[in-house]
Amino acid sequence: MSSNDQPVNSSEQALEYVDSCNLPTSWATFRMHAFVETATGKEHIALTLGDVADGQPVLARIHSECLTGDALFSKRCDCGPQLELALQKISQEGRGALLYLRQEGRGIGLLNKVRAYHLQDEGADTVEANQKLGFAADLRDYSLCDPMLKHLGIESVRLMTNNPRKISAMEGMNVRVQEHVPLIVKRNPYNERYLSTKATKLGHLIQPDL
Ligand SMILES: Nc1nc2c(ncn2[C@@H]2O[C@H](COP(=O)(O)OP(=O)(O)OP(=O)(O)O)[C@@H](O)[C@H]2O)c(=O)[nH]1
Ligand SMILES: [Zn+2]
């Protein structure tokens, strides 16, 4: 057990580290670290591979929960393939980290995401659907990444993302984004509009239509 595997308990902390274990996958056996958000009780996970606390930049993915894409094979988005590709890339390097944040549906939650998908079935795009439900396009808060990365001993990252908002959110933290690594996966007919809307309305660094 490394010093970072020691449970931390402080009511002043926004995030409490709970425990770690091994997580064997098809690509590598990761170390899985569990955290709980003090204010909300939300549970978050980090996967690490290799020595991420050696001060060198860490290949990292900050992934927001998408039950439909990550676990239920939905083709409406690119989340599942991105999650898989990120874990593959980390495994290829033999070193890296993935933070799995429980911010389903860009922060609106699973039930509201189903409502948003219903509106999208009727013609709204992903941003319009959120707005019709009374939400901003993206409600996510990345501030928890800071204590998670600190706990893991990660000082700088090579961040795998196409989302400039994620990059700028990270820049406000103690962790340095040393490099932005694009994470482009194959499109399909069902996520074409979703990805084009990300590019045109949310500023994602992907082609509007390929
Ligand atoms: N509200 C809403 N959320 C969605 C929709 N499709 C996917 N999501 C959510 O969008 C989030 C995608 O998060 P990430 O995988 O971190 O990706 P990203 O912010 O798009 O940026 P990348 O790092 O480039 O992948 C997840 O929380 C999904 O649940 C949608 O149509 N509406
Ligand atoms: Zn998704």
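In each ligand, atom 1 is the first atom listed, and ligand 1 is the first ligand listed. Quick caveat: nothing in here was measured; it's all calculated off a predicted structure.
For the salt bridge (Lys or Arg N to Asp or Glu O under 4.0 Å) condition, the pairs that include at least one residue of residues 127-144, sequence neighbours left out, are E128-K201, D138-R140, D138-R165.
Here the side chains of W27 and I90 are not in contact, with every heavy-atom distance at 4.5 Å or above. Counting heavy atoms from C-beta outward, L15 and M148 have side chains that approach closer than 4.5 Å.
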Query raised in the report: Can you list the steps and then say if R158 with E93 is a salt bridge (charged side-chain N to carboxylate O under 4.0 Å, His left out)?
Result: CA-CA 12 Å; R158 291 159 48 222; E93 286 210 5; 2.9 Å; yes

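The aromatic rings of F35 and H151 stand perpendicular to each other, their planes meeting at an angle above 60°, with 30° marking the opposite boundary.
Under the 3.5 Å distance criterion, the side-chain polar atoms of K166 are left unmatched by any main-chain donor or acceptor of T161.
Nearest approach of L152 to V52, heavy atoms of both residues: O-CG2, 3.7 Å.
Sorted by chain then number, the residues whose non-hydrogen atoms approach ligand 1 to under 4.0 Å are R61, I62, H63, S64, E65, C66, C79, Q82, Q103, E104, G105, R106, I108, K113, Y117, Q120, T126, N130, R140, T161, N162, N163, K166, Y194, K198, H204.
For the salt bridge (charged side-chain N to carboxylate O under 4.0 Å, His left out) test, no residue two or more places apart in sequence or in another chain qualifies with R193.
Take a cut-off of 2.8 Å around the Zn ion (ligand 2): the protein N, O or S atoms inside it are C66 SG, C77 SG, C79 SG.
Checked against L59 for a side chain to side chain contact (heavy atoms under 4.5 Å, CB included), the options M160, R95, Q92, E179 give a single hit: M160.
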